[in-house]
Protein chains: 2
Amino acid sequence: MKDKRKIPKPVIKRMGLYYRCLNKLYEEGIEYVASKDIAARLGIKSSQVRKDLSYFGEFGKRGVGYNVDQLMKKLEDIIGVNKIWNVIVIGAGNIGTAIVNYPGLKKEKFNIIGVFDADRSKVGKKLGKLSVTHFSELEKFFNKNIVDLVVLAVPENAAQMVVEELEKYNIKGIINFAPIKLRTKIPVEDVDITLSFKSLVFRIEREIK
Amino acid sequence: MKDKRKIPKPVIKRMGLYYRCLNKLYEEGIEYVASKDIAARLGIKSSQVRKDLSYFGEFGKRGVGYNVDQLMKKLEDIIGVNKIWNVIVIGAGNIGTAIVNYPGLKKEKFNIIGVFDADRSKVGKKLGKLSVTHFSELEKFFNKNIVDLVVLAVPENAAQMVVEELEKYNIKGIINFAPIKLRTKIPVEDVDITLSFKSLVFRIEREIK
DNA sequence: TAATTATTGTGAGTAAGTTCACAATTGAAT
DNA sequence: ATTCAATTGTGAACTTACTCACAATAATTA
């Protein structure tokens with residue numbers, strides 16, 4: 001591993017993919033795997049797999065491949081899945097509800113500990129084990145709980161205002177479902193599902209690969 | 001516009017962003033806009049905006065900017081928002097339900113015309129105006145309806161089997177929420193929300209920008 | 001009319017990301 | 001022990017994407 005190199009952003013997304021792939025291999029009882037096989041399962045090139053992993057260390061054995069169990073554990077450290085992240089969801093509409101109910105997040109150690117909404121008619125509504133709290137209770141909640149991440153699932157016109165409120169607290173990042181660019185110093189990851197639809201449609205219409 | 005150039009994939013995603021931005025400008029009553037202003041709203045460089053647009057034509061006026069209304073209409077043609085897309089959702093779990101109820105899609109001309117699930121206990125459940133149909137009715141449905149896109153919101157272990165079923169029909173694309181690589185000739189757009197969480201967490205932990 | 005200011009469109013230059021290609025290593029077979 | 005086949009890790013080449021910088025153009029002002 002040549003150190004100090006900056007890790008390309010796409011590598012980061014692929015690490016999660018590799019981790020999931022290794023999990024499956026482990027469940028299938030496979031002990032050693034070659035970059036070629038991982039690549040085939042993910043539909044990418046084997047050289048990509050090797051280079052990506054090489055940013056973090058030398059995990060393989062030449063002529064043999066990677067020990068599934070061992071590499072899995074390395075990836076756990078790298079992508080930090082072992083740490084439990086406390087998450088609150090702001091906005092209890094369709095997206096907020098789906099996030100709270102989505103079992104995949106819990107499985108990956110994202111622990112949802114609160115749901116907030118500004119709409120009084122939604123307050124008290126049960127979502128799994130949680131019930132919706134009014135947005136005005138946010139400060140009280142932050143005083144009593146450690147919150148790492150906030151899922152922002154509010155309407156577009158409310159998003160920037162909520163972010164400004166969030167800046168008062170000490171959160172580590174925001175997953176933003178509102179289709180606007182948030183102005184903030186807090187790290188933000190934007191998620192936009194309609195863009196995925198549009199992107200697909202564009203490819204279909206233009207036959208661009 | 002220099003023609004025949006292949007359009008970079010990231011440009012395609014940004015076109016949707018530009019369109020949405022233009023809509024807002026239009027609503028705000030702004031008649032002309034400079035690439036610099038669009039860029040500022042989206043948090044990117046103005047040269048990027050101009051170059052992206054230049055793949056499709058020359059829409060601006062030097063020294064003045066772009067006519068909002070006019071550019072909006074051009075973008076409509078380019079990204080094909082004017083066409084209505086018929087969509088079915090397979091899988092009526094959390095994600096499937098959220099997709100069906102998500103008003104953003106309807107607004108963008110993605111028209112959900114059916115929801116299917118293999119779980120008999122879900123069949124008949126009302127989701128907005130639609131009710132869940134059993135997966136075995138799929139063929140009958142395809143015989144009576146034109147379906148452009150399929151949203152795949154089934155568990156990971158069912159996804160590949162569903163895709164093989166879908167290959168019998170003449171659909172144009174798949175939005176895949178299952179965390180696996182689908183083996184198919186049909187154009188697929190993968191959506192993975194847990195990857196967004198992981199990517200954010202990775203950035204937070206490593207301070208990589 | 002000439003100067004001034006604003007802004008586009010794009011070729012050329014950078015930067016980022018991917019793939020190639022091969023020496024180095026490992027284990028198995030002869 | 002030697003050969004053979006498999007596979008890694010990585011520098012170098014290549015490809016893709018982004019940014020710069022400036023000529024060209026348009027509107028405004030003097």
Whole-Å distance between [N] [atom2] and [X] [atom1]?
{"X": "B:Tyr32", "N": "D:dA27", "atom1": "OH", "atom2": "C1'", "answer": "11 Å"}
{"X": "A:Lys6", "N": "C:dA15", "atom1": "NZ", "atom2": "P", "answer": "11 Å"}
{"X": "A:Lys36", "N": "C:dT19", "atom1": "NZ", "atom2": "C1'", "answer": "17 Å"}
{"X": "B:Ile12", "N": "D:dC18", "atom1": "CD1", "atom2": "P", "answer": "12 Å"}
{"X": "A:Ile44", "N": "D:dT15", "atom1": "CD1", "atom2": "P", "answer": "20 Å"}
{"X": "A:Tyr55", "N": "D:dT10", "atom1": "OH", "atom2": "P", "answer": "11 Å"}
{"X": "A:Lys51", "N": "C:dC22", "atom1": "NZ", "atom2": "C1'", "answer": "13 Å"}
{"X": "B:Glu58", "N": "D:dA23", "atom1": "CD", "atom2": "C1'", "answer": "14 Å"}

Exercise. Does NZ belonging to A:Lys24 count more than 12 external heavy atoms closer than 6.0 Å?
Worked result: yes
From the options [options], select the nucleotide whose nearest atom is closest to the side chain of [X].
{"X": "A:Gln48", "options": "C:dT19, D:dA17, D:dA27", "value": "C:dT19"}
{"X": "B:Ser47", "options": "C:dT8, D:dA26, D:dT19", "value": "D:dT19"}
{"X": "A:Lys45", "options": "C:dG17, C:dT19, D:dT19", "value": "C:dT19"}
{"X": "A:Arg50", "options": "C:dG17, D:dG9, D:dT19", "value": "D:dG9"}
{"X": "A:Arg14", "options": "D:dG9, C:dT18, D:dT19", "value": "C:dT18"}

Exercise. Looking at C:dT26, does its base get a donor-acceptor pair with the side chain of A:Arg62 below 3.5 Å?
Worked result: no
Problem set entry | Residue met sooner reading DNA chain C from 5', once A:Gly63 and A:Pro10 are mapped to nucleotides | A:Pro10
Exercise. Counting just side-chain N and O atoms, does B:Tyr66 come under 4.0 Å of either OP1 or OP2 of C:dG9?
Worked result: yes
Exercise. Does a nitrogen or oxygen in the side chain of A:Lys61 sit under 4.0 Å from OP1 or OP2 of C:dT25?
Worked result: no
For this session: Can you label the angle between the A:Tyr169 ring and the A:Phe142 ring as parallel, tilted or perpendicular, going by 30° and 60°?
Result: parallel
Exercise. Counting distance only, does the side-chain N/O of B:Asp37 pair as donor-acceptor with the main-chain N or O of B:Val33 below 3.5 Å?
Worked result: no
Exercise. Checking all strands, does A:Ser35 fall into the base, sugar-phosphate, or nothing category for heavy-atom contacts under 4.0 angstrom?
Worked result: sugar-phosphate
Exercise. Mind checking whether B:Phe197 and A:Phe110 have ring centres under 6.0 Å apart?
Worked result: yes
For this session: Show your working on side chain to side chain donor-acceptor pair (under 3.5 Å) between B:Asp192 and B:Thr194 and close with a plain yes or no.
Result: CA-CA 6 Å; B:Asp192 187 332; B:Thr194 70; 3.0 Å; yes
